[in-house]
Amino acid sequence: MDKPNTADAGTERDQEEAVRRELERYYRAGKPPWDTGVTPPELVALVEGRGEGHEESHGALPPGRALELGCGTGTNAVYLARHGWEVVAVDLIDRAIEQAREKAAAAGAAVRLLHGDATRLDELDAPGPYDLFFDLSCYCGIPPHRRDAYAAGLTRRAAPGARLLMFGYGPGTLDDKFSGVTADELRARFTGWELVDVTPGTNPFPTFWFTLRAGEA
């Protein structure tokens, strides 16, 4: 799973622009390597129910409102919509949103797709509240100076007890100085949330699935 190379990023603005340019380059070149077209089994287990033998066992989540951050070409947003969820999905790259709209139309899935920055949700029409947030390697590529804004944006839009399912790669995976995420960082940034599960991924480099739950009040 390749990721954007942002090794040359310098200032905060440079970091943001470097991420955008690399993402745009992947979509111009064709199918981004992280956009597999297959819904991860971790999301399926959360939505459809997870049996015994997992650290957090539960039945299927009742469909509600979902927000996907960094939705790419819409595979997972379409999956959620087809399982009864009211879905809003956001991506920074307009080409990704165009492809996601085509995919949703072909599937007959009602998904509201927004072109914008997941760290600037107040600038988008995505007021919430949401019962489920899904992030497939979006947060871990965000420059550090925008991560508190990301967390605050989700917190303001979280219904009581909302879940956040996040996939991320560990620090040092890329050549830059900021990409990656740890459990300790999520605990520190997502105040009012509980980190209820951390499961290592199956990639040849350090990756993790994080599940967080918002407070009930």
Presence of salt bridge, Arg189 and Glu185, under 4.0 angstrom: yes
What I'd like to find out is whether the side chain of Val78 reaches to under 4.5 Å of the side chain of Thr39, using heavy atoms alone. no
Side chain to side chain contact (heavy atoms under 4.5 Å, CB included) for Tyr169 and Asn203? Distances and angles first, verdict last. CA-CA 9 Å; Tyr169 45 94; Asn203 305 85; over 6 Å; no
Kindly give the heavy-atom pair with the smallest separation between Ala118 and Leu69, and that separation in Å. CB-CD1, 4.0 Å
What are the two closest non-hydrogen atoms of Ala81 and Val87, and how far apart are they? N-CG2, 3.6 Å
Mind running side chain to side chain contact (heavy atoms under 4.5 Å, CB included) on Tyr150 and Asp135 for me, showing each step along the way? CA-CA 11 Å; Tyr150 174 107; Asp135 178 330; 2.5 Å; yes
Looking at Ala162 and Ala158, what are the two nearest heavy atoms and their distance? CB-CB, 4.0 Å
Please round to the nearest 0.5 Å and tell me the distance separating atom CG of Leu61 and atom CG of Leu46. 4.5 Å
Do the side chain of Arg65 and the main chain of Pro129 share a donor and acceptor less than 3.5 angstrom apart? yes
Do Arg20 and Leu92 have side chains that get closer than 4.5 Å, going by heavy atoms? yes
Atom pair CG (Asp14) and CD (Glu12), whose distance is rounded to the nearest 0.5 Å: 10.0 Å
Salt bridge present between Glu22 and Arg25 (N-O < 4.0 angstrom): yes
Below 4.5 Å, heavy atoms only, C-beta onward: do Glu86 and Arg112 meet side chain to side chain? no
Report the relative orientation of the aromatic rings in His83 and Tyr79; use parallel for angles under 30°, tilted for 30 to 60°, perpendicular for over 60°. tilted
Kindly indicate whether the side chain of Asp197, heavy atoms from C-beta on, has any atom under 4.5 Å from the side chain of Trp209. no
Would you mind telling me which of Arg95, Arg101, Gln99 makes a side chain to side chain contact (heavy atoms under 4.5 Å, CB included) with Ile97? Arg101
Which is it for Leu132 and Leu80 under the side chain to side chain contact (heavy atoms under 4.5 Å, CB included) test, yes or no, and what are the steps along the way? CA-CA 10 Å; Leu132 175 64; Leu80 287 167; 3.9 Å; yes
Of all the heavy-atom pairs spanning Ala159 and Asp131, show the shortest one and how long it is. CB-OD1, 3.6 Å
Distance col, row Asp91:CG vs Leu113:CG, nearest 0.5 angstrom, shows 9.5 Å
Take the angle between the ring planes of Phe208 and Phe210 and call it parallel below 30°, perpendicular above 60°, tilted in between. tilted
Measure from the side-chain N and O atoms of Arg147 to the backbone N and O of Ile142, and report whether any donor-acceptor pair falls under 3.5 Å. yes
Donor-acceptor pair, distance only, cut-off 3.5 Å: does the side chain of Asn76 make one with the backbone of Phe134? no
By side-chain contact (heavy atoms from CB on, under 4.5 Å), Asp122 pairs with (sequence neighbours left out) Arg156, Arg157
Determine whether Phe133 and Leu212 make a side-chain contact, defined as any pair of heavy atoms from C-beta on separated by less than 4.5 Å. no
Return yes if a side-chain donor-acceptor contact under 3.5 Å exists between Asp184 and Thr182, otherwise no. no
Just one of Leu186, Leu164, Thr119, Leu154 clears the side chain to side chain contact (heavy atoms under 4.5 Å, CB included) bar with Tyr139, so which one? Leu186
Side chain to side chain contact (heavy atoms under 4.5 Å, CB included) evaluation trace for Phe178 with Gln15: CA-CA 9 Å; Phe178 65 81; Gln15 290 173 348; 3.8 Å; yes
So Leu121 and Leu67, do their side chains get closer than 4.5 Å, heavy atoms only? yes
